[in-house]
Protein chains: 2
Amino acid sequence: MQSTHLREHNLSAILIALAAASTTSTPTSRAGLAKLTRLTKPTVSKLIEELVDADLVEEGAPLSIGAGRPMVPLTPARGTLLAIGLEIAADHVACLGIDLAGRVLSHRVEYLKVTAASAEEAIDLAAELVGEVRAEAGDPPVVEVVVAVPGRIAPDDGRVLSAPNLDWTEVPLVRRLLDHPQLAGLTVRAQNDNRLSVLTEIDQRPGESFIYLRGSTGIGGAVVIDGALMTGAHGWAGEFGHTVIEPGGALCRCGRRGCLEAYVSYHALRERAGLGDDTLIEDLVDALALTRDRAEVIGLIGRSLGFAIANALNILDLTTVVLSGYLAPIAEELEPVVRETVERHALAIEAGPVLIERSDGLTDPALRGAARAALQSVFSDPGAWIGREPSIPAR
Amino acid sequence: MQSTHLREHNLSAILIALAAASTTSTPTSRAGLAKLTRLTKPTVSKLIEELVDADLVEEGAPLSIGAGRPMVPLTPARGTLLAIGLEIAADHVACLGIDLAGRVLSHRVEYLKVTAASAEEAIDLAAELVGEVRAEAGDPPVVEVVVAVPGRIAPDDGRVLSAPNLDWTEVPLVRRLLDHPQLAGLTVRAQNDNRLSVLTEIDQRPGESFIYLRGSTGIGGAVVIDGALMTGAHGWAGEFGHTVIEPGGALCRCGRRGCLEAYVSYHALRERAGLGDDTLIEDLVDALALTRDRAEVIGLIGRSLGFAIANALNILDLTTVVLSGYLAPIAEELEPVVRETVERHALAIEAGPVLIERSDGLTDPALRGAARAALQSVFSDPGAWIGREPSIPAR
DNA sequence: CGTTGTTAGTAAGGTACCGTAACTAACGGC
DNA sequence: GCCGTTAGTTACGGTACCTTACTAACAACG
């Protein structure tokens, strides 16, 4: 490591510690940050001064707690930077702008049957929403734009390889977005919506390790180790949807047999119960419970999930499972069934209980996650947002 | 990060880069290390000087390659430090001493039916071997002692919780070893033998990501991501032995049904074929081939492995599988069967071929891995081995 | 056989960053 | 009003690294 990088490293560490502390509603001072980061007070003071000058950190009014000189509470600056999340879903396009503090500056949703429209149309709409969000937020500098798409995305150039729910194949999404004046000159990245949803969950559970399962039209998932999303060789580690839970079992959309997704996804459950395709995902379980015993429905879903989870826990040796999407509202119902199945199959049980928890259920996790991902570059390299800006040395 | 740590970080980076480079038999100079670590030549020179003074790095005779001033080749020092690996296996106790360069300084094996003897006896023998190895190596400073045990180990105090193949339960291994004069004052750690075996494989594949499967009395395994061993919540991530491959299938030693280990471990295969318990692990497949068609044996093993591997690949999104233990010699035979099974079940296939490779098959991987693990602290904190030694600041 | 070009390594000085020690600021409690 | 306590600043010094420029040692070429 070069000594220039030391400064950037410490700036980043301080900003990250500050952001983490301010989500806990504990006011944080320079002295507090010094303890958290194990740097000395003068060092923190000097670095904080630069962050304040660069409008990345805000000072509050002095605040007295107990004896001693009152602290000057610090928070990530509000409204000075804009991180933009976009979401292109089957029935809507949405855009969310947040600042460093994670506060929503602007939010726009337009309903659009994307499958019925052309990709161009959806992308035009998305760009338009970006323009509106930027304007409403007061047109501060934009950090980055991250687009959530329900499909597979080429890691190199942000092409959408396939997005079945949108009827998209080979759409050069990022390139097309960059053609629009509202996004000219910005950094734009595309990511799978499920993977971005996890970021929202990671925010709620900083530093934890868990398996994330999201029930949606398909089954998405992810593996989080110590607060870091596992990627894998192609970026789809933790996609539990196509874990085989019954060799030679039900036919899956992917062409194989016995995948988890062939049993507990919205599509699979709806079709097997003969429900119409106007059934909303959030109403799925209630609708199923009308066609047969609710306990039976929960049992089917729970046992299928449990089997997939058991295998994952065996391989990963983790203890926490977070259920999201349409699985979140029924997490408490599922818990005993899943737990029983997991305990029958998983070795890790011997080490203690497996926790099966519901996602904190914030709305629009993919959209929030996208905006959150757009923020990331500021935290990992605040130096780039300060006047000096050596950050990327010429080579 | 504090500025004192910068030096340690860079010392460590240089030593690690040097060690990595010298395994590739490419002679490396100060200038070469400067390029590898992205530090400048003067910085590398100064740090290397300290490492040479501390006997951690050796200079060779100047070596001319092409034009320009000849380089001074550098290598990790040989014979100046001793890292000790111990192995306690069912039928022997072994001790290996290596230096920074990974060269074997001394090696001792004593055959002992550990199950027939007391734990005390085995531990006494181990300590004795350590004494002999230290003496033969010329009694240089000992870095650390790492003990490989085929069982589960308490992470905090190195107690062996259970080691079925040794008939051990609750043996305070590390504490007892420290009682012996040969190990007085040393740092001693215990680790599962399979997990240490992986370290030997990681050495051969620096920076790679792969799944490791080791056929032995049981089935051990591990997950390696970018050259780092995944641990999990309790340190047994990647223990594929108890992945369920057939719900409600064959009864396993662990009390559950359908585990991988109940099909392809030495014990399971031997017993199902009615072979005597004097069959050696390395002869297992040949012996099985006498009782029935060899293709059938390979097919059984391959399909079972393939199913477990497919699930793991789906979850982890990796592309390489390394077979070790008794599986290594038959890796080429297994490959088509495993590949076919994996391709039928694994999603990741769509991204390209899955590589099923054999371990490089060094003898005694667990013992080597233990010695290698004992070396680790030098590489991660060379500062502690240099006169200055601030390393662990008082708190 | 000297000249030129190339690469390895060293020397000297400067700079950036952080840490230490001591100080001021601002409060509560007695 | 004094004292103890905590927040934050100032001044200074040390450490580590970088830049620039140099020397060392070789190959290739005419």
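Residue numbers start from 1 in every chain, and the chains themselves are labelled A, B, ... in the order their sequence lines are given, proteins ahead of strands.
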Of the nucleotides [options], which one has an atom closest to the side chain of [X]?
X: A/Ser29; options: C/dA8, D/dG8, D/dT9; result: D/dG8
X: B/Pro42; options: D/dA27, C/dT10, D/dG8; result: C/dT10
X: B/Lys41; options: C/dA8, C/dG5, C/dG28; result: C/dA8
X: A/Thr43; options: D/dC17, C/dC18, C/dC27; result: C/dC18
X: A/Leu6; options: D/dA27, C/dC18, D/dG4; result: C/dC18

Which is it for B/Leu51 and B/Trp385 under the side chain to side chain contact (heavy atoms under 4.5 Å, CB included) test, yes or no, and what are the steps along the way?
CA-CA 9 Å; B/Leu51 292 172; B/Trp385 295 90; over 6 Å; no
Nearest-nucleotide comparison on DNA chain D, the residue closer to the 5′ end among A/Lys46 and B/Gly66
A/Lys46
Looking only at heavy atoms, what is the nearest atom pair of A/His234 and B/Thr319, with distance?
CE1-CG2, 3.6 Å
Would you classify [X] as touching base, sugar-phosphate or nothing, given that sugar-phosphate means primed atoms plus P, OP1 and OP2, and contacts are heavy atoms under 4.0 Å?
X: A/Thr40; value: base
X: A/Pro62; value: nothing
X: B/Val72; value: sugar-phosphate

Looking at B/Glu59 and B/Arg30, is there a salt bridge between them, counting it only when a charged N and a carboxylate O are closer than 4.0 Å?
yes
Would you say B/Met230 and A/Leu316 make side-chain contact, with heavy atoms under 4.5 Å?
yes
Starting at atom [atom1] of [X], determine the distance to atom [atom2] of [N], rounded to an integer number of angstrom.
X: A/His5; N: D/dA16; atom1: NE2; atom2: C1'; answer: 15 Å
X: A/Glu49; N: D/dA7; atom1: CD; atom2: C1'; answer: 16 Å
X: B/Glu59; N: C/dT10; atom1: CD; atom2: C1'; answer: 13 Å
X: A/Leu33; N: D/dA7; atom1: CG; atom2: P; answer: 12 Å
X: B/His9; N: D/dT15; atom1: NE2; atom2: C1'; answer: 17 Å
X: B/Asn10; N: D/dA16; atom1: CG; atom2: P; answer: 10 Å
X: B/Glu8; N: D/dC17; atom1: CD; atom2: C1'; answer: 16 Å
X: B/Ile65; N: C/dA8; atom1: CD1; atom2: P; answer: 9 Å

Please check: side-chain N/O of B/Arg189 versus main-chain N/O of B/Ala373, any donor-acceptor pairing under 3.5 Å?
yes
Can you tell me if A/Ser209 uses its side chain to pair, donor with acceptor, with the backbone of A/Asp226 under 3.5 Å?
yes
Go through the N and O atoms of the side chain of B/Arg69 and the base of C/dA8, and report whether any donor-acceptor pair is under 3.5 Å.
yes
Taking the nucleotide of DNA chain C with the closest heavy atom to each, which residue, A/Pro70 or A/Leu39, is nearer the 5' end?
A/Leu39
Counting just side-chain N and O atoms, does B/Ser64 come under 4.0 Å of either OP1 or OP2 of D/dC26?
no
Using only side-chain N and O atoms of A/Arg30, determine if any of them is under 4.0 Å from OP1 or OP2 of D/dT6.
no
